[in-house]
Every structure is written in structure tokens, then in C-alpha cells.
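Okay, structure first, notes after.
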Amino acid sequence: METKLLKIAEIARLNPKEKFTSLYHYINKEMLLKCHKQLLGNKATGIDDVTKQEYSKELDNNIENLVAILKNQSYKPQAVKRVFIPKEEGKTRPLGIPSYEDKLVQMALNKILQSIYEADFKDFSYGFRPKRNCHSAIKALNKVIENGRINYVVDADIKGFFNNVNHDWMIKLLEVRIGDSNIIRLVKKFLKAGLMDNGVLMETEIGTPQGSIVSPTLANIYLYYSLDLWFEKIIKRDFKGQAEITRYADDFVCCFQYESEARQFCRLLVDRLNKFNLEVEKTKSKLILFGRFAVETRKRMGFNNAETFDFLGFTHYCAKSKRGYFRVKRKTSKKKFRVKVKEFKQWIKSVRNKFGIGEIFNLTKQKLMGHYHYYGITDNSYMIGQFCLEIKKALFKWLNRRSQRRSFDLEKFKMYLKYNSLPKPKIYVNVYR
């Protein structure tokens, strides 16, 4: 199966205008068994409450039945279970959880779509792609600003992107590369599957649910045609100065040499997104002076510092190296810092009486290491150190509230930390490598 997918990818790479007319047969028993093996068993269940372990009990029969209904076109995805996860500032983000069998089909479909579109997607697109991540996007953006002729940055955000993907446009864009009507029909079924919210079934006439396996790839395809190609073929061609874009899913930053062209882009972007039923989130989008001359220019204008922008959880700001050269530096954004500290405080408060102190410390170590591996990036030593300090404060506070008696005084707590030390803050990601 891997060989077949590689062959599809090679054809897509060598023939950018190739339209694939025979793909549906790749969603077969071999493919679905492979997907079953790759799916994690600890994920939340859909509306049918079937887990991987339960599905495995009669795996061969289940897969063969699934292949049969896929072949005779009677396959119908179940509605996606809607759940809400906490977001910053008391907000929530809706997630859609498919049933287990739908996850298998979605993963198979996703493998096929990725094998085709990875050849098309641009180098400046980083979200939900193999061998690419947030740190890759940050490194690329850092290189563009430090090495280029960049003086202005447009930090843009699309309003409720996943909730506003237009289904008609999605199908039109897919049909540019995919001529297999069965694959198109399968995508339509997933888009129209519906949402189950607290037992109430809601139709989905627009949007693609975050949380489903195939949604990130569909989102990248939608943004490839609506934004990426337009920026590369029109904006970069027509603008006289340097123009660059770095995109991670629906979060993107555009860099420009000239102010007039940056402002023109902002106007054009509104019209371009509107064409695809998308909208710029004005409260989260801004144009700022940013680059090697930003600090001096801002000082002449009467300001103390250059403006900053947030991207992928980091605040990016203008600074200088030890030798006096221009540098882009970054630190954990205040919003993300507050959210992460709040999340830990809520967690320690909820588990302080459920687990022993040793287990609580082991879990805390895992949480700290996860934080360091993401936020431990060049120039961010201070903020990850502050995060560790806040975690220690929260531990001391809530471990002393396990009962009416105090578990620790400060000296005993320090002694416990000495023999059960938490991982020290460390930089794990070098933006220059």
C-alpha cells in the first residue's frame, strides 16, 4: 500500500495538471487494517462509544463489512460528536469526534489526499503536513525577516475558518485534481454528516469539524487555492518590493518591503477571502512596522520600542545580537503564558486529593517537559524559567490544601524538591538550525 501511495505522489509531482480518476479502490481491506493499526487506542469515542479495543475483537469481520458497504456505496458516516474544549480568556473551541469506523475511512481518505496534494502545497505552508511543525514555520519566518528586505508585517487571522469552509467551494477545488466521483462523493458525505450536540442532531451545511482526521488536509487544500496560489502568482508577481508569507493552517504572517504594498495587500486580502466565503478577523489582524529599521523609525516617531506580533504562541519582537546586529527574538506570549499557568493550577487543584505526592510530581514533570519542548526556543529562557517558578508556587499552594493540616512548610517543600527535583528549563529548539 505504501508503494501505491508513493506512486500516486510521484505522478502528482511530475504532472501538476494530472487529474486522478481512479482512487477509490485504494480504500480496501489492506489500507483499513493499516489505519486501524496506526490509530491510537486512547482517543475519545464518537457517538457510538466504540473504542479501538472493542472494534478489534472482531476485526476481520468488521473490516470486511466496512469494505463491502464502501464498495456498494451504502456507507454513511455517523454524525460527529461535538465537544467543547477550554480556550484562552474563558472561551471554548468546538471539536468534532467521529465514530471509530469513520476514523478508519477518514484516515484512508486522508492518506490518498496527502499523497496527491503534498506535491502541490507550497514550501511556506507548514500546518498539519508530514515532517513539518510549528517550529519549522517559526524558523522560516525568522529567516525571511532577518535575511530579507522586510520592513512591514501583516499579522492576519481568518474568522472562524473551520466553521466557515464553504462546501460548494471545497468540492470545486477538489475537482481540480480529483476526477474520481466516488472520492468526491465520500468527501461530501463527511462534510454533510451532521453534528450531535447533547443528543440534538444538527445539519452541517457549512464548515468542516476540527478534530476529524481529514479536516486538516481539506483545510490546507482550501487555503492552498484561496490564499497560497493567489499570494504566489498574483501578489509576489505584481508587487515591486519583497513579499513573503508563512502559513500554519489558518494562521499566517505576511512580510513586505514597502508600506504601500502592505496596505494594498490588506485591502486585496479582504476581497480575496470574501470570494471564498471567508472573512478577516479584524480584531486579531494588524499591520505593523517591523524589521531591521523598525526601532529607529519608531523612535523618530516618538515611541520607545518597535511593535510586536504574536504567531504560534510566541510574541516576536525586534532586538539586536551581542555584536549589535539586527535580530528577531521571541518569547512566550502573555496570553499563552496565562492560559498555561491557569490550566496547571486547575489541574493540580483537581488531582491533589486523588493521587499521592509522588505521582503528582511525576505527572508535573511530564507537563513541564512538554512545555519546555515547545516553548524552549532560542531567546525564550526567561519565560520558560518563569513558567517553572509559577508551577512550583502552584504545587506548594495546593499540596498544602490536601487536608486541614499543612503537608509542607517552605523549607520542607524545598527539601522535597531537592530530592525530587523538577526538570530544569532548557532550550530545545535552535531557530538557526
Side-chain angles (χ1 to χ4, degrees), residues 124-126 134-159 227-228 230-232 234-248 250-273 279-337 377-380 382-383 431-432:
F124 53 73
S125 167
Y126 291 88
C134 295
H135 294 143
S136 304
I138 291 169
K139 289 178 182 180
L141 178 61
N142 188 79
K143 187 176 181 180
V144 164
I145 298 175
E146 287 191 355
N147 298 344
R149 302 181 301 278
I150 302 303
N151 297 309
Y152 295 89
V153 164
V154 175
D155 178 19
D157 190 83
I158 299 175
K159 187 174 182 179
L227 180 64
D228 296 356
W230 170 70
F231 192 94
E232 186 175 79
I234 304 299
I235 298 300
K236 288 178 71 72
R237 182 196 67 189
D238 293 348
F239 284 12
K240 294 180 180 179
Q242 186 176 3
E244 307 290 347
I245 182 174
T246 303
R247 180 174 69 79
Y248 189 93
D250 59 326
D251 194 3
F252 59 97
V253 172
C254 300
C255 304
F256 299 93
Q257 184 175 355
Y258 300 126
E259 181 181 9
S260 60
E261 294 184 337
R263 295 192 179 282
Q264 183 183 356
F265 169 77
C266 290
R267 295 191 296 270
L268 294 172
L269 178 64
V270 172
D271 293 336
R272 178 66 181 182
L273 292 181
E279 185 179 349
V280 173
E281 178 58 85
K282 295 179 181 179
T283 59
K284 296 181 181 179
S285 303
K286 60 181 179 180
L287 187 160
I288 63 171
L289 183 68
F290 197 94
R292 64 184 69 254
F293 306 114
V295 174
E296 291 78 4
T297 304
R298 290 273 294 175
K299 284 182 178 179
R300 289 198 299 269
M301 296 166 65
F303 299 99
N304 293 327
N305 297 302
E307 293 177 276
T308 65
F309 67 92
D310 290 351
F311 183 56
L312 300 179
F314 294 92
T315 297
H316 299 251
Y317 60 97
C318 297
K320 288 187 177 180
S321 67
K322 292 179 180 179
R323 296 183 178 181
Y325 297 114
F326 168 69
R327 282 271 317 277
V328 178
K329 293 187 178 182
R330 63 215 52 79
K331 59 184 178 181
T332 310
S333 72
K334 290 180 180 179
K335 182 189 291 185
K336 288 293 182 183
F337 185 85
I377 194 169
T378 305
D379 304 314
N380 199 32
Y382 176 77
M383 289 300 289
V431 296
Y432 297 102

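What you see is a predicted model; the values in this text were computed from it and never measured.
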* Please report the closest heavy-atom contact between N142 and Y432, naming both atoms and the distance. => ND2-CE2, 3.5 Å
* Structure fact -> Of all heavy-atom pairs linking Q257 and N151, the shortest is O-ND2, 3.0 Å
* Asked: How about K139: does its NZ atom have over 12 heavy atoms from other parts shown lying under 6.0 Å from it?
  -> yes
* **L273 CG to E281 CD distance, which is reported to the nearest 0.5 Å** => 12.0 Å
* More than 12 non-hydrogen atoms from neighbouring residues, nucleotides or ligands closer than 6.0 Å to NZ on K286, yes or no? -> yes
* Counting only heavy atoms not in Y325, do more than 12 sit closer than 6.0 Å to its OH atom? -> no
* Using atom types as modelled and distance alone, determine if a side-chain donor or acceptor of S285 lies under 3.5 Å from a backbone N or O of D157. => yes
* Donor-acceptor pair, D251 side chain versus F311 backbone, under 3.5 Å? -> no
* To do: Look at K236 together with E244 and state whether they make a salt bridge at an N to O cut-off of under 4.0 Å.
  => yes
* Is any side-chain heavy atom of F231 closer than 4.5 Å to a side-chain heavy atom of R272? -> no
* To do: May I ask you to decide if V431's main-chain N or O and T378's side chain share a donor-acceptor pair within less than 3.5 Å?
  => yes
* Is any side-chain heavy atom of I288 closer than 4.5 Å to a side-chain heavy atom of D155? -> no
* Asked: Hey, mind stepping through C255 and L141 against side-chain contact (heavy atoms from CB on, under 4.5 Å) and telling me if it holds?
  -> CA-CA 9 Å; C255 304; L141 178 61; 3.8 Å; yes
* Between atom CD of Q264 and atom CG of D238, what is the distance when rounded to the nearest 0.5 Å? -> 8.0 Å
* Measure the spacing between CG of N147 and CZ of R292 and express it to the nearest 0.5 Å. => 7.5 Å
* Can you tell me how far OG of S333 sits from CE of M383, rounded to the nearest 0.5 angstrom? -> 8.0 Å
* Asked: Can you tell me if Q242 uses its side chain to pair, donor with acceptor, with the backbone of R149 under 3.5 Å?
  -> yes
* **Closest non-hydrogen atom pair, I377 against I138** => CD1-CG2, 3.9 Å
* V253 side chain near H316 side chain, heavy-atom distance below 4.5 Å -> no
* Hey, could you give me the CD/OH distance between E307 and Y152, rounded to the nearest 0.5 Å? => 10.5 Å
* Asked: What do the steps show when you test F252 against F124 for ring pair (Phe, Tyr, Trp, His ring centres under 6.0 Å), and what is the final call?
  -> CA-CA 10 Å; F252 59 97; F124 53 73; over 10 Å; no
* Structure fact -> Closest non-hydrogen contact found for F314 with T332 is CD2-N, 4.2 Å
* To do: Please report the shortest heavy-atom distance between Y258 and K240, naming the atom on each side.
  => CE1-C, 4.3 Å
* To do: Could you go through the side-chain contact (heavy atoms from CB on, under 4.5 Å) check for F265 and L287 one step at a time?
  => CA-CA 10 Å; F265 169 77; L287 187 160; over 6 Å; no
Quick one: side chains of residues 294-305, donor-acceptor pairs under 3.5 Å with protein atoms, not counting sequence neighbours, listed by atom name and distance.
| residue | atom | partner | partner atom | Å |
| --- | --- | --- | --- | --- |
| T297 | OG1 | F293 | O | 2.7 |
| R298 | NE | N305 | O | 3.1 |

* Which word best sums up how the rings of F309 and F290 line up, parallel for under 30°, tilted for 30 to 60°, or perpendicular for over 60°? -> perpendicular
* To do: Show your working on side-chain contact (heavy atoms from CB on, under 4.5 Å) between V144 and I150 and close with a plain yes or no.
  => CA-CA 8 Å; V144 164; I150 302 303; 4.1 Å; yes
* K331 NZ/CZ over Y317 ring centroid, <6.0 Å and within 45° of normal -> yes
* Got more than 12 heavy atoms from elsewhere within 6.0 Å of NZ, K334? -> no
* To do: Could you tell me whether the side chain of E261 and the main chain of G241 form a donor-acceptor pair under 3.5 Å?
  => yes
* To do: Apply the test side-chain contact (heavy atoms from CB on, under 4.5 Å) to residues L227 and I245: give CA-CA distance (whole Å), side-chain angles for both, the deciding distance (0.1 Å), then the verdict.
  => CA-CA 10 Å; L227 180 64; I245 182 174; 4.1 Å; yes
* To do: Determine, for K336 against D310, whether the closest basic-nitrogen to carboxylate-oxygen distance falls under 4.0 angstrom.
  => no
